[in-house]
Amino acid sequence: MSNRQRVWRDWPELGELDASVATVGVFDGFHRGHVALVEAALVEGRRLGVPTVLVTFEPHPLVVLAPDRAPLQLLSVDDRIQQALALGVDGVVVLPFTRELAAQPASDFVEHGLVGRLGIQSLVVGDNFHCGRGGEGDVAFLAASGRHLGFEVSGVDLVCHGERTCSSTEVRRALAAGDVAAALDVLGRRDPRIAAMAV
Ligand SMILES: Cc1cc2nc3c(=O)[nH]c(=O)nc-3n(C[C@H](O)[C@H](O)[C@H](O)COP(=O)(O)O)c2cc1C
Ligand SMILES: Nc1ncnc2c1ncn2[C@@H]1O[C@H](COP(=O)(O)OP(=O)(O)OP(=O)(O)O)[C@@H](O)[C@H]1O
């Protein structure tokens, strides 16, 4: 971690970050799609001349909301932080995912969190992203919020590899089928710890 990089284990205090570009999601596995998304956010951060921040959640939302459906965890939160920092983000914000956060309307998350605490000028997410209570905050909702609150929104096209759209779910599915090669193809790197999760 370089001197200029920071990790917050909750929202930064008011005034710690005046302006930023943010990307948001769980980022389990840090597959090709996640890498492309972070790279797009970094381009945006350089264009605007503001820090690029990755916002993630711990634990995975389903661990809190539906533990019986909680997915196999591909990377620990510390590994996700390291992947993000290695790609060059200026900061990582790890939000404890609680029932309280899950119940927060998307508008509050955006206004009080992303705008209020991170000062986002631009938000870069995959075009399937959603946040907020019940997942109400999709890209169209975020774009409308941005017009109102003064930030830009990019809904990035999802990266595919061959026939498959890259996703953490796709990596897990390949591992569950014992197909290490397919899992690593979607992932886009040879990670021996993830490869060892194949059944
Ligand atoms: C404020 C907030 C509230 C959320 N509430 C819910 C919820 O009620 N139900 C749910 O399944 N997921 C909820 N989530 C999780 C999101 O739907 C989503 O899984 C999360 O933002 C990570 O995005 P990603 O799945 O694209 O990584 C919430 C997320 C945020 C930020
Ligand atoms: N293939 C992809 N290309 C570009 N961005 C993506 C891709 N997949 C997910 N994203 C984006 O990356 C961020 C983190 O997403 P998330 O952690 O939910 O990934 P995921 O792979 O879709 O996970 P899961 O399969 O568990 O739902 C979100 O903004 C999401 O829209």
Work out which heavy atom in Glu152 is nearest to a heavy atom in Leu48; give both atom names and the distance. OE2-CD2, 4.4 Å

Looking only at heavy atoms, the pair that brings Pro96 and Leu101 closest together is O-CD2, 3.9 Å

Could you pull out every donor-acceptor pair under 3.5 Å between side chains of residues 188-199 and any protein atom, sequence neighbours left out?
residue : atom : partner : partner atom : Å
Arg189  : NH1  : Gly29   : O            : 3.2
Arg189  : NH1  : Phe30   : O            : 2.6
Arg189  : NH2  : Gly29   : O            : 2.8
Asp191  : OD1  : Arg193  : N            : 3.0
Asp191  : OD1  : Ile194  : N            : 3.2
Arg193  : NH2  : Asp79   : OD2          : 3.3

Hydrophobic clusters here meaning ILVMFWY residues chained together by side-chain heavy-atom distances under 4.5 Å, can you tell me if Leu85 and Val26 are in one? no

Heavy-atom closest pair, residues Ala84 and Leu54: CB-CD1, 4.0 Å

Ala41 and Val21 have their tightest heavy-atom pair at O-CG1, 3.7 Å

Do Phe141 and Val139 belong together in a cluster built from hydrophobic side chains that touch within less than 4.5 Å? yes

Describe, in one word, how the ring planes of Phe57 and Phe97 are oriented to each other, choosing from parallel (under 30°), tilted (30 to 60°) and perpendicular (over 60°). perpendicular

Residues 157-182, side-chain donor-acceptor partners within the protein, below 3.5 Å, at least two apart:
residue : atom : partner : partner atom : Å
Arg164  : NH1  : Glu170  : OE2          : 3.4
Ser167  : OG   : Thr169  : N            : 3.4
Ser167  : OG   : Glu170  : N            : 2.9
Ser168  : OG   : Asp28   : O            : 2.8
Glu170  : OE1  : Arg173  : NH1          : 2.8
Arg172  : NE   : Leu72   : O            : 2.7
Arg172  : NH2  : Asp28   : OD2          : 2.9
Asp179  : OD1  : Ala182  : N            : 3.1

Is any side-chain heavy atom of His34 closer than 4.5 Å to one of Leu87? no

Could you check if a side-chain atom of Val35 sits within less than 4.5 angstrom of a side-chain atom of Val38, using non-hydrogen atoms only? no

Indicate the atoms forming the closest heavy-atom contact of Leu17 with Pro51, along with that distance. CD2-CG, 4.1 Å

Those residues at least two apart in sequence (or on a different chain) that pass side-chain hydrogen bond (donor to acceptor under 3.5 Å, both in side chains) with Trp8 are Glu16

I'd like to check the salt bridge (Lys or Arg N to Asp or Glu O under 4.0 Å) partners of Arg69; sequence neighbours left out, ordered by chain and number. none

ILVMFWY cluster, Trp11 and Val77 together (side-chain gap under 4.5 Å): no

So, taking the atom named CD in Glu39 and the one named OG1 in Thr23, what distance separates them when rounded to the nearest 0.5 Å? 12.0 Å

Asp90 (side chain) donor-acceptor with Val53 (main chain) under 3.5 angstrom: no

Mind listing the side-chain donor-acceptor pairs of residues 110-137 below 3.5 Å, one per line with the distance, residues two or more places apart or on another chain?
residue : atom : partner : partner atom : Å
Arg117  : NH1  : Pro12   : O            : 2.9
Ser122  : OG   : Glu44   : OE2          : 2.7
His130  : ND1  : Asn128  : O            : 3.2
Glu136  : OE2  : Ala106  : N            : 2.7

Of all heavy-atom pairs linking Val89 and Gln5, the shortest is O-NE2, 2.8 Å

What pairs with Thr56 under side-chain hydrogen bond (donor to acceptor under 3.5 Å, both in side chains), at least two apart in sequence or on another chain? Arg80

Should Leu142 and Val156 be regarded as members of a common hydrophobic cluster, given that ILVMFWY residues are connected when their side-chain heavy atoms come within less than 4.5 Å of each other, either directly or indirectly? no

According to a 4.5 Å side-chain heavy-atom criterion applied to Ile, Leu, Val, Met, Phe, Trp and Tyr, with indirect links allowed, do Val64 and Val55 form part of one hydrophobic cluster? yes

